[in-house]
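To find a chain, count down the sequence lines: A is the first, B the second, and so on, and within it residues start at 1.
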Amino acid sequence: MSAVFDIDVSLARGDFRRQVQVQSDARVLALTGVSGAGKTSLLQAIAGLLRPRAGRIAVAGRTLFDSAERIDLPAHRRHIGFVFQDARLFPHLAVRANLGYGARFAKDRTPRFAFDDVVALLGIAPLLARRTVNLSGGEAQRVAIGRALLSQPDLLLLDEPLASLDQARREELIPYLQRVRDDSGLPMIYVSHVADEVRRMADTVLALDAALR
Amino acid sequence: MSAVFDIDVSLARGDFRRQVQVQSDARVLALTGVSGAGKTSLLQAIAGLLRPRAGRIAVAGRTLFDSAERIDLPAHRRHIGFVFQDARLFPHLAVRANLGYGARFAKDRTPRFAFDDVVALLGIAPLLARRTVNLSGGEAQRVAIGRALLSQPDLLLLDEPLASLDQARREELIPYLQRVRDDSGLPMIYVSHVADEVRRMADTVLALDAALR
Amino acid sequence: MTLSPGELEAIALSLKVALVAAFASLPFGIAAGWLLARARFPGKSVLDALVHLPLVLPPVVIGYALLVTFGARGSVGMWLQQTFGITLAFKWTGAALASAIMGFPLLVRAIRLAFEAIDPKLEQAAATLGANAPWRFVTVSLPLAWPGIVAGLVLAFAKALGEFGATITFVSAIPGETQTLSAAIYGLMQVPGGEDAIWRLAIVAIAISFAAILASEWLARRQRGRREA
Amino acid sequence: MTLSPGELEAIALSLKVALVAAFASLPFGIAAGWLLARARFPGKSVLDALVHLPLVLPPVVIGYALLVTFGARGSVGMWLQQTFGITLAFKWTGAALASAIMGFPLLVRAIRLAFEAIDPKLEQAAATLGANAPWRFVTVSLPLAWPGIVAGLVLAFAKALGEFGATITFVSAIPGETQTLSAAIYGLMQVPGGEDAIWRLAIVAIAISFAAILASEWLARRQRGRREA
Amino acid sequence: ADEAPLTVFAAASLKGALDTVASDYAATGRAAPRVAYAATSALARQIEQGAPADVFLSADSAWMDTLQNANLVEPATRHDLLRNTLVLVAPADAGTPAFALGDAGAWTGALAGGRLAVARVDGVPAGRYARAALLHLGVWSTLEESLAQTDDVRQALMFVARGEAPLGIVYRTDALAEPKVRELAAFPAASHAAIVYPVAAVKRSDAHRDTAAFLAYLQGDAAAAVFREAGFDLAR
Ligand SMILES: Nc1ncnc2c1ncn2[C@@H]1O[C@H](COP(=O)(O)OP(=O)(O)OP(=O)(O)O)[C@@H](O)[C@H]1O
Ligand SMILES: Nc1ncnc2c1ncn2[C@@H]1O[C@H](COP(=O)(O)OP(=O)(O)OP(=O)(O)O)[C@@H](O)[C@H]1O
Ligand SMILES: [Mg+2]
Ligand SMILES: [Mg+2]
């Protein structure tokens with residue numbers, strides 16, 4: 001069997017170029033590195049939002065991309081929950097509809113996360129009827145996390161998910177994310193700058209050094 | 001003489017309501033509080049982007065808003081640098097033009113910050129010719145900080161300015177922001193969730209408790 | 001202000017023709033607007049130019065081209081007649097077709113601008129949540145383009161009300177069948193002293209379009225309200 | 001394909017009229033588009049309806065209204081003549097005015113949609129950097145609305161090429177002065193056997209608008225490239 | 001007004017013949033006039049509003065009367081220049097037999113469910129003549145529901161030429177110019193008011209020096225030949 005994360009790709013975007021190689025059996029892989037190192041770009045490549053120039057991406061034995069084999073699964077069939085650095089909520093939908101967005105595409109998948117549990121744990125019950133433009137930064141990010149979980153993904157990518165949360169919420173969420181990891185066996189890649197967060201969340205830390213230009 | 005920060009306003013936005021009172025001689029006032037407490041809203045009221053329902057806002061002896069006296073200085077004449085939670089760079093301008101945007105309105109003001117110094121300290125020299133959509137989250141936020149400083153403000157509002165920066169940059173920037181505070185005598189309000197940051201940046205910490213709804 | 005039965009007939013016909021023209025061309029307008037905003041394909045500029053044609057040429061030329069193509073003796077017209085039993089020549093359906101074609105550039109441009117203004121990052125977010133391209137289109141792009149679509153509909157409807165050059169050349173002016181409000185107004189212009197009747201009908205046309213604009217503002221505000229208020 | 005001197009004259013005149021119509025109405029179009037997108041004032045719906053009028057009414061009615069208002073005997077026409085020495089009646093300038101008015105709804109709608117799509121947060125950011133409202137408009141809103149403005153210009157230009165109903169009613173079709181390409185095409189439709197000449201001129205009109213569309217695509221792409229590439 | 005060329009406002013239906021007349025006139029060594037063609041109604045309204053026209057060639061008397069009553073044309077120069085004939089046409093390849101114009105049944109048979117193309121009966125001169133003729137012949141009520149009305153005679157002609165309409169009522173000049181139609185019958189002159197094209201000099205503060213010359217040329221033999229060739233009758 002191959003590793004949980006089996007990634008070897010060369011990324012290109014504008015004049016940014018970099019080669020990333022990851023071979024790891026970690027449940028939660030933390031990704032750190034200076035600003036501009038390519039952390040977001042790597043997540044996008046895994047999610048199918050950025051096509052690598054070449055290489056191979058496999059997660060939990062599933063090949064998502066392989067330039068040699070001409071495999072390139074479209075994003076919507078990769079079953080990857082992505083919590084973006086900016087929340088990217090749908091402005092035309094209320095919070096409840098944002099949370100429910102992924103449900104209709106996940107009907108035939110094992111439901112790991114129940115709507116009410118997720119809402120309770122993220123403390124977003126009072127927001128359900130709200131419009132997304134009215135949310136504060138942290139509120140929006142909590143909804144975005146909930147939305148990703150409720151799409152019942154096989155892999156969760158978190159791009160600095162707690163950066164805009166206050167310390168109390170942060171403390172509250174970390175154990176939940178840990179539980180998600182342990183109970184569901186869901187692989188996760190966790191991008192963060194906060195050493196403490198990384199320590200508590202991840203088995204393995206991958207530091208992307210500054211990109212060679 | 002009145003205090004540096006002399007604020008007593010009632011804010012309203014959607015069905016969010018809160019009364020904030022600040023009387024402080026701090027140079028750097030840290031603002032903490034849970035997500036949705038109204039931190040961003042308070043900064044917006046100070047900057048003239050959100051009109052309070054009533055009250056008074058004075059900073060360093062200058063009255064910016066006073067509902068009783070019918071004073072309400074427009075945002076562009078408040079000389080307040082605002083680093084937003086999201087960078088809000090101008091997408092049609094390159095990085096250099098974003099940084100220079102405020103210069104033309106600051107011609108008759110004492111130049112406290114020189115272009116080259118700011119660029120060097122924020123490590124954004126390699127980005128100057130770049131388009132803003134190509135920047136990573138942290139790159140964009142550094143440019144936004146530089147842009148605010150180069151508008152030569154009398155007061156700097158920072159809304160979680162380091163949240164999207166890596167630890168190394170964070171360490172690098174904090175001393176610089178401390179120096180800005182000490183050398184220029186520039187008052188600052190600093191919103192952050194990170195206890196360590198707050199401790200190192202601020203004289204006084206104001207905790208906004210959860211809003212009463 | 002009283003209107004003669006003939007005038008009322010023209011008004012009712014105009015409403016029917018303009019509504020059918022605007023709504024029937026909507027799917028095509030959305031398709032063309034989407035293609036021009038998002039797709040990359042060879043001949044895109046040609047499609048763009050084609051969409052603009054009805055603006056560029058005098059309406060009578062468009063009407064003549066329609067007659068040659070969709071008339072009872074026209075190639076497409078004969079085929080439609082034989083295959084589907086659809087007759088356009090001298091029918092109100094032909095008037096609707098002519099109006100739709102004349103309004104098409106306006107419809108497409110408004111919709112195209114709306115699609116161009118949508119942040120592709122939202123569509124990306126939808127993709128990671130499991131939505132395939134058609135679903136993303138229906139659940140994200142289309143609702144976000146809604147104000148532009150409404151704007152385009154109003155333009156197309158208004159244009160259809162005012163159209164008569166292409167219409168009369170294609171299907172002539174048959175009272176009760178193809179003589180719309182505009183055609184009636186134009187007819188009145190040809191006789192000395194018809195001014196009273198002209199202004200009477202013009203006011204009706206203005207009132208209809210005013211109602212359409214108010215309705216569209218309301219629709220757009222409701223949507224915007226949903227997002228911002 | 002050879003063109004007669006008279007045809008060349010009509011083409012040159014059409015280009016002049018369409019360019020002047022599109023660019024001279026641009027400031028008004030930007031103002032109206034901005035007001036409708038951003039301002040709140042009583043009578044906004046009335047302004048909106050007014051802007052749509054040229055679409056709703058048959059062109060000849062607009063042309064007649066122009067004739068009565070801006071003609072040599074019209075109140076505004078006489079005033080313009082006496083005060084500024086500006087003559088519109090039966091001059092190419094009048095043709096440009098008629099074309100501009102007929103294209104105005106298209107211009108305004110495109111610009112309005114562009115302004116509506118701009119995130120007000122960027123204008124707020126500019127305010128905190130010291131820019132007052134006019135500066136914010138010029139340095140932020142206007143450049144961000146640029147693609148929509150170009151789109152509106154192309155529509156107005158294309159419409160001006162095809163316009164003839166209002167023009168011929170207002171300023172007649174005097175060769176060399178007010179007989180544009182479209183009016184010439186219309187004239188040719190009055191002579192049996194004029195088809196060859198009609199298609200020749202139609203092709204010229206199509207070629208001109210195609211060039212305008214390509215130019216606008218290029219302009220829009222350059223701007224978009226600046227933002228995204 | 002001397003440096004501007006002589007400006008003629010003429011009914012659009014005169015375009016073919018009048019273009020030839022104007023260039024013949026220029027060939028005699030005079031400055032070429034510029035001719036603006038549009039619907040008679042549009043031109044008359046423009047003259048009411050002070051259009052810089054020197055000569056007006058109308059397609060019917062009513063609009064000329066309106067201008068004359070408003071004192072906008074020189075009464076002394078007004079006269080009927082041309083006459084035309086109203087004819088019934090069918091597509092050239094249709095083989096429609098001629099029939100008696102007063103026979104309602106024959107009309108219905110020839111139309112065979114199709115439409116009778118005609119200029120607007122309530123506006124355009126040709127349409128008004130056509131209605132008068134059909135009323136006079138007693139077939140109006142039969143045909144009223146079968147009309148396809150157009151903005152000008154040319155469009156009516158086009159419907160017949162393209163075979164969209166089996167019958168049409170147009171001027172003889174149009175029928176002659178269009179090879180794809182065939183004249184079935186002419187309407188009797190008594191069935192409608194005389195079809196005349198009046199001409200007059202427009203009243204101006206400083207009349208163009210060529211106005212009289214051009215008016216004279218229009219009535220001369222050379223112009224007459226061109227007009228006759230196009231199918232017009234001379235009114236003088
Ligand atoms: N659309 C784009 N076009 C061109 N270059 C881009 C684009 N997006 C990002 N880049 C560049 O690619 C590099 C990597 O960006 P990325 O967003 O992956 O960094 P990051 O490690 O996530 O940084 P941060 O911690 O600041 O979010 C940066 O130099 C960035 O400027
Ligand atoms: N435009 C708006 N309309 C209505 N309500 C709003 C609007 N913007 C913010 N709010 C609400 O106002 C309250 C305060 O928001 P604010 O952004 O000031 O919080 P914050 O303290 O900055 O939170 P965070 O730490 O998450 O950024 C929140 O409940 C939010 O939902
Ligand atoms: Mg990133
Ligand atoms: Mg905030």
query: Mind checking which of residues 64-74 of chain C sit less than 4.5 Å from chain E, heavy atom to heavy atom?
result: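 Against chain E, the residues of residues 64-74 of chain C that fall inside the cut-off (heavy atoms, under 4.5 Å) are C:Y64, C:L67, C:V68, C:G71, C:A72, C:R73, C:G74.
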
- prompt: With chain E, which of C:V60, C:I168, C:L188 has the greatest number of heavy-atom pairs at distances under 4.5 Å?
  reply: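 Of the options given, most contacts go to C:I168.
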
- request: Among the options C:A183, C:A89, C:P175, pick out the one with the most heavy-atom pairs lying under 4.5 Å from chain E.
  value: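 Top option by heavy-atom pairs under 4.5 Å: C:A183.
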
- request: With a 4.5 angstrom heavy-atom cut-off, could you sort out which part of C:E177 is near chain E: side chain, backbone, both or neither?
  value: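 Answer is neither: C:E177 stays 4.5 Å or more from chain E.
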
- request: Measure distances from C:A173 to the heavy atoms of chain E and classify the residue's part below 4.5 Å as side chain, backbone, both or neither.
  value: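 C:A173 touches chain E through backbone and side-chain heavy atoms alike.
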
What residues of [range] sit under 4.5 Å from chain C when you count only heavy atoms?
{"range": "residues 71-90 of chain E", "answer": "none"}
{"range": "residues 144-151 of chain E", "answer": "E:L147, E:A148, E:Q149, E:T150, E:D151"}
{"range": "residues 155-168 of chain E", "answer": "E:Q155, E:M158, E:F159, E:R162, E:G163, E:E164"}

query: Do NZ/NE/NH1/NH2 and the carboxylate oxygens of E:R131 and E:D122 come within less than 4.0 Å?
result: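 Here E:R131 does not pair with E:D122 in a salt bridge, since their nearest N and O are not under 4.0 Å apart.
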
query: Between E:D54 and E:R34, is there a salt bridge with N-O shorter than 4.0 Å?
result: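 Salt bridge absent between E:R34 and E:D54.
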
Could you check whether any side-chain heavy atom of [X] comes within less than 4.5 Å of a side-chain heavy atom of [Y], counting everything from C-beta outward?
{"X": "C:W34", "Y": "C:F137", "value": "yes"}
{"X": "E:I47", "Y": "E:W63", "value": "no"}
{"X": "C:F170", "Y": "C:T178", "value": "no"}
{"X": "E:K180", "Y": "E:P91", "value": "no"}

- prompt: Are C:Y186 and C:F164 close enough that their ring centres sit under 6.0 Å apart?
  reply: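 Between C:Y186 and C:F164, the centre distance is under 6.0 Å.
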
task: Could you grab the distance from atom OG of E:S58 to atom CZ of E:F9, nearest 0.5 Å is fine?
output: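 The CZ atom of E:F9 is 13.0 Å from OG of E:S58, to the nearest 0.5 Å.
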
query: When rounded to the nearest 0.5 angstrom, what is the spacing between OG in C:S182 and NZ in C:K159?
result: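 One finds 9.0 Å between OG of C:S182 and NZ of C:K159.
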
message: For the residue pair E:Y197 / E:D60, report whether a side-chain donor-acceptor contact shorter than 3.5 Å exists.
response: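 No pair is found: no donor N or O on one side chain lies under 3.5 Å from an acceptor on the other.
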
